There are 2 protein chains.
Amino acid sequence: MSVQERKERKRADRERLIVATARELAEQQGWDAVTTRRLAERIEYSQPVLYSHFRGKREIIGAVALAGATEMAAALRAAGSGADDRRARVAALARTYLEFAERNPAVYDALFQLDGGLAFAREDTPEPLKDAFAALLETLGEVAGEGVHPGLFTELFWSALHGLATLTRAGRLLPEGAEQRLDLLVERLAAL
Amino acid sequence: MSVQERKERKRADRERLIVATARELAEQQGWDAVTTRRLAERIEYSQPVLYSHFRGKREIIGAVALAGATEMAAALRAAGSGADDRRARVAALARTYLEFAERNPAVYDALFQLDGGLAFAREDTPEPLKDAFAALLETLGEVAGEGVHPGLFTELFWSALHGLATLTRAGRLLPEGAEQRLDLLVERLAAL
DNA sequence: GCCTCGACCCTAGCATCGCTAGACAATCGA
DNA sequence: TCGATTGTCTAGCGATGCTAGGGTCGAGGC
């Protein structure tokens with residue numbers, strides 16, 4: 001069985017390599033540059049190998065998204081840990097979210113802009129995605145305010161963050177006002 | 001000169017036909033289905049004709065976006081006119097925005113998701129885009145609150161709307177809570 | 001130690017994409 | 001009426017996602 005195991009390990013390694021390479025390429029040159037040919041060349045295999053791991057490009061994007069979600073959840077949890085009062089915690093959370101989006105645009109796109117074939121807001125939603133939302137909920141749930149459903153409030157706050165992230169990166173909002181918009185968001189939306 | 005004029009008129013007609021057809025096709029089957037071949041076939045001309053009007057597919061998307069922006073601005077202005085108090089006006093504005101996004105997903109994508117080669121938040125931003133933002137500003141500016149820059153507040157509110165629109169349509173948010181999220185947004189963000 | 005068989009991977013190719021060159025036809029001005 | 005210009009089409013280029021089919025190489029039985 002050792003032979004079998006070794007093979008499986010190599011396969012798993014290669015799959016991780018594919019995902020990591022796709023992410024790297026996407027961050028460097030954008031998702032448009034992530035073609036199956038280029039990706040295959042970078043991992044030093046032929047194209048069909050990709051299709052032995054994933055159904056198609058969509059699934060590769062989905063895999064990058066899942067890996068990114070795990071990372072994002074961790075970052076969001078780390079953000080609030082240092083702060084003492086709720087206001088600072090919420091502000092840190094929001095700032096961390098926007099920073100993550102800015103520093104990992106390709107991953108952010110894979111998560112929320114592109115079609116990675118992932119299910120959202122459902123029973124069969126992959127665990128990392130649920131967990132990332134849970135990370136938001138942990139901090140935001142306690143500033144939802146009297147009689148407001150924590151989940152619903154988190155969805156709204158998240159939407160605002162998502163809007164800021166995407167519009168800023170697409171050049172629809174100038175980066176200059178970013179800090180002020182963030183302050184205003186926390187000030188108004190959170191029930192402190 | 002009449003001959004010249006007739007030609008120019010025909011050209012302009014055809015250009016409008018291209019934009020309208022692209023929009024129609026995109027709304028029916030999504031932007032992926034809007035290929036230069038299919039579009040050419042629908043307008044009953046060959047592909048190169050498209051390139052005599054537009055530099056490429058990007059510009060066609062941009063043209064659809066501009067037409068949509070004009071329409072959106074009109075819808076947003078009409079939204080607030082009926083309401084008497086500021087709260088109702090803001091709520092109507094937000095509802096109209098989200099409805100427009102839901103009913104014209106392809107146009108909304110052309111405006112804010114896809115690359116139509118348009119300049120935003122700059123001097124040379126096309127008039128329709130500026131005007132759509134101005135329509136938001138007219139209603140939202142007066143609920144920005146004491147000492148808050150109206151433009152900045154509008155940007156934030158817009159971001160929230162944009163986040164709600166895109167996340168809902170992408171299946172990231174369930175439509176069930178839409179009404180409550182909208183109410184909460186208006187309640188919290190606007191200084192009434 | 002050899003030989004068979006199956007897992008693995010690559011070459012080659014398909015349909016489709018955005019875009020363009022060059023030939024052809026129609027129309028205008030002289 | 002003829003030449004030139006304008007307009008349009010056919011055909012094709014490179015690139016895309018994806019797949020079929022053949023070949024290679026190593027594991028396991030004798």
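Chain letters run A, B, ... following the sequence lines, proteins first and then strands; every chain starts at 1. These numbers come from a predicted model, not from an experiment.
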- [ ] With the side chain of B/Val49 defined as its heavy atoms from C-beta on, choose the nearest nucleotide among C/dC28, C/dC9, D/dT8.
- [x] D/dT8

Task: Charged tip of B/Arg169 within 45° of B/Tyr108 ring normal and under 6.0 Å - done: no

- [ ] Could you check how far OH of B/Tyr51 sits from C1' of D/dA11, rounded to whole Å?
- [x] 15 Å

Task: Note, B/Leu140 side chain near B/Pro150 side chain (heavy atom, < 4.5 Å) - done: no

Task: salt bridge (charged side-chain N to carboxylate O under 4.0 Å, His left out) between A/Asp13 and A/Arg16, intermediate numbers included - done: CA-CA 5 Å; A/Asp13 282 349; A/Arg16 273 190 292 274; 2.7 Å; yes

Open item on the list: Rounding to an integer number of Å, can you tell me how far A/Arg14 CZ sits from C/dA7 C1'?
Closed with: 12 Å

- [ ] Of all the heavy-atom pairs spanning A/Thr70 and A/Pro128, show the shortest one and how long it is.
- [x] OG1-CB, 3.6 Å

Task: Atom-to-atom span, CG of A/Asp32 to P of D/dG14 - whole angstrom - done: 21 Å

- [ ] Only pairs at least two apart or in different chains count here, so list each side-chain hydrogen bond (donor to acceptor under 3.5 Å, both in side chains) that has a residue in residues 29-38 of chain A.
- [x] A/Thr36-A/Gln47

Task: Nucleotide C/dG18, atom C1' - distance to CG of B/Leu114 in whole Å - done: 15 Å

- [ ] Could you check which residues of residues 53-68 of chain B get a heavy atom under 4.0 Å from DNA chain C? Sort them by number, please.
- [x] B/Gly56, B/Lys57

Task: Atom-to-atom span, CD of B/Gln29 to P of C/dC17 - whole angstrom - done: 11 Å

Open item on the list: Heavy atoms from C-beta onward define the side chain here; which of D/dT10, D/dC18, C/dC10 lies closest to that of A/Tyr45?
Closed with: C/dC10

- [ ] Kindly point out which of D/dG17, C/dC8, D/dT6 is positioned nearest to the side chain of A/Lys7?
- [x] C/dC8

Open item on the list: I need the B/Leu164 CG to A/Leu156 CG distance, nearest 0.5 Å.
Closed with: 6.0 Å

Open item on the list: Expressed as a whole number of angstroms, how long is the span from B/Leu50:CG to D/dT10:P?
Closed with: 14 Å

TODO: Quickly work out the A/Ile43 CD1 to C/dC8 P distance and round it to whole Å.
DONE: 15 Å

Open item on the list: OP1 or OP2 of D/dG17 versus the side-chain N and O atoms of A/Thr36: is any pair under 4.0 Å?
Closed with: yes

Open item on the list: Can you measure B/Glu8 atom CD to C/dT27 atom C1' for me and round it to whole angstrom units?
Closed with: 16 Å

- [ ] Is it possible for you to check whether A/Arg172 lies under 6.0 Å from the centre of the six-membered ring of B/Phe112, through NZ or CZ, and within 45° of that ring's axis?
- [x] no

- [ ] Measure distances between side-chain N and O atoms of A/Gln47 and base N and O atoms of C/dC10, and say whether any donor-acceptor pair falls under 3.5 Å.
- [x] no

Open item on the list: Quick check: on DNA chain D, is the nucleotide nearest A/Ala33 upstream (toward 5') of the one nearest A/Pro48, or the reverse? Name the residue that is more 5'.
Closed with: A/Ala33

Open item on the list: Using a 4.0 Å heavy-atom cut-off, does A/Arg38 contact any base of the nucleic acid, only the sugar-phosphate backbone, or nothing at all?
Closed with: sugar-phosphate

Open item on the list: Taking any heavy-atom pair under 4.0 Å as a contact, classify A/Arg11: base, sugar-phosphate, or nothing.
Closed with: nothing

TODO: Give B/Ser46 one of three labels, base, sugar-phosphate or nothing, depending on what nucleic acid heavy atoms sit under 4.0 Å from its own.
DONE: base

